[in-house]
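Reminder, nothing fancy here: chain letters follow the sequence lines and each chain counts from 1.
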There are 2 protein chains.
Amino acid sequence: MDKTHQAFFTSHGIKSTIQRNLVLDLLQESESPVSAEDIYLKAALLQPTVNLSTIYRTLELFCSKNIAVKSTLSESKKAVYELNTHTHKHYMVCLKCKRMVPLTNCPCSLIEKAVSENSDFEILDHKLEIVGYCPECK
Amino acid sequence: MDKTHQAFFTSHGIKSTIQRNLVLDLLQESESPVSAEDIYLKAALLQPTVNLSTIYRTLELFCSKNIAVKSTLSESKKAVYELNTHTHKHYMVCLKCKRMVPLTNCPCSLIEKAVSENSDFEILDHKLEIVGYCPECK
DNA sequence: ATCAGTGCAAAAGCTTTGCAGCGGT
DNA sequence: ACCGCTGCAAAGCTTTTGCACTGAT
C-alpha cells in the first residue's frame, strides 16, 4: 500500500484502496477535466478488473470530500471531473477537439458584482464556459 | 389550421402541424427555459395523444432552424429549451426551486475581450450560469 | 472480525431511432 | 397523391443502485 496515498486519504477521512489510488493518480495526471469513462478506460489498462460503477462511486466520493470537482458542459451529456485546486477556474472548450483550455485569469468578479447590485439573488457560485476553436483547430 | 403559425413555420421552411404549433405556443408562454418533459406534460393536457419523442424531435427541429435554443445546466442532466430571442442572455439559477431568473444586463463582453487578448482561442460563444438562491428561497 | 469498498448485473433517467400509419400541402 | 410527421415501442447512453463477496484495518 502506497504511504503517500494512504496519508492523503486518511487526512480526508476516507480509506485508501487500490482503485481510489488509481483514480487519484489519473486525475492528477490529466491536465484537463475528464469523464468517468475516460478514467475507467485508463484505469482498466492498469487494473483490468476495475468496474465503471466503482469509478463513479469514487468520483462522487472525491467530490463530496472536496477532493475533486464535477461539472457538465453544455455540449455533452457527460459529466467531467477534475481535482479541486480550490481556485476559481473556468475553461474554454474547443468545439472540434473538445480540448479544454483553462482561463489564466477571469474577470468574473465584475459580473457577480454587477449582478448582485441589480437583483436580490444570493449568489453562491457561477459557471463560465467559453466556446470556440482552439489554436490547432481553427 | 392557424394562419399565424402556418406563416411563421413556412417562413422558416418547415411545415405547420398541430404538435409544432403547440410546442411553439408553450415555448412562447413560458418565461424561462423548460425541459422537453415540461413541454410534454403541458402539451398532453391539450392534446392527449401527443408523444414525448415528437416533442424531442420538434425541439431539435426548432433548434436547428434557430427558432429555439437548447442549453444544459450543470445542476441537472436534463436539457432545457427556450425561444431564440437572438439576444445575449444568461440566467441565475436558484439551487432550491430551480427558478431561472434572466440577467437584465451582462458585462460578458469584458470577459471575451480579456480572454481573446490572452489566448489564441477563437471565441464563438460563451455560457454564463449564476448559481444561488432567489429572493423567495434564501 | 468487522464493516466499508468492490464487481457484477440490473435498473433508472433522459434522449434517440426504426418503423408503420397518419396528416398536411 | 406524395412525402414528411407522428405515435409507439424499443434501444442507447450515462449514471445509479442492490446485493453478495472481497479486502483493509
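- Contacts between residues 22-38 of chain B and DNA chain D, defined by a heavy-atom separation under 4.0 Å, are absent.
- As a whole-Å value, the separation of A/His5 NE2 from D/dA24 P is 15 Å.
- The phosphate of C/dC14 (OP1 or OP2) has a side-chain N or O of B/Lys78 nearer than 4.0 angstrom.
- Residues forming a salt bridge (charged side-chain N to carboxylate O under 4.0 Å, His left out) with A/Glu136 (at least two apart in sequence, or on another chain): A/Arg99.
- Between the CD1 atom of B/Ile39 and the C1' atom of C/dT15 there is a distance of 16 Å, given to the nearest Å.
- Between A/Thr87 and A/Thr85, the closest heavy-atom pair is OG1-OG1, 2.7 Å.
- For D/dG7, the OP1/OP2 oxygens have a side-chain nitrogen or oxygen of B/Gln19 closer than 4.0 Å.
- In this structure, B/Lys77 atom NZ and C/dT15 atom P are separated by 10 Å, rounded to whole Å.
- When A/Lys127, A/His126, A/Glu129 are each tested for a side-chain hydrogen bond (donor to acceptor under 3.5 Å, both in side chains) with A/His90, only one passes: A/His126.
- At whole-Å resolution of the value, CZ in A/Phe9 and C1' in D/dA24 are 14 Å apart.
- For A/Lys15, taking side-chain heavy atoms from C-beta onward, the closest of the listed nucleotides C/dC14, C/dT15, C/dG5 is C/dG5.
- Within residues 44-65 of chain A, the residues approaching DNA chain D are A/Leu52, A/Ser53, A/Tyr56, A/Arg57, by heavy-atom distance under 4.0 Å.
- Between B/Lys70 atom NZ and C/dT16 atom C1' the separation is 10 Å, expressed in whole Å.
- A distance-only check finds a donor-acceptor pair linking the side chain of A/Asp38 to the backbone of A/Ser35 [under 3.5 Å].
- B/Leu73 places its CG atom 14 Å from the P atom of C/dC14, with the value rounded to the nearest Å.
- Distances shorter than 4.0 Å separate some side-chain N or O of B/Thr17 from OP1 or OP2 on D/dT6.
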ask   = What's the verdict on side-chain contact (heavy atoms from CB on, under 4.5 Å) for B/Ser71 and B/Tyr81, showing C-alpha distance, side-chain angles and the deciding distance?
value = CA-CA 6 Å; B/Ser71 46; B/Tyr81 304 82; over 6 Å; no
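- Comparing B/Val80 and A/Arg20 by the nucleotide of DNA chain C that holds the closest heavy atom to each, the one mapping nearer the 5' end is A/Arg20.
- For B/Ser11 (side chain) and B/Phe8 (main-chain N/O), a donor-acceptor pair under 3.5 Å exists by modelled atom type.
- Closest of all the heavy-atom pairs between A/Leu26 and A/Ala43 is CD1-N, 3.7 Å.
- Distance check: B/Lys89 NZ to B/Leu103 CG gives 10.5 Å after rounding to the nearest 0.5 Å.
- Note: CD (A/Gln6) to P (D/dA24) measures 10 Å, nearest angstrom.
- Rounded to an integer number of Å, the gap from OH of B/Tyr40 to P of D/dT6 is 14 Å.
- Across all their heavy atoms, B/Glu82 and B/Tyr91 have their closest contact at OE1-OH, 2.5 Å.
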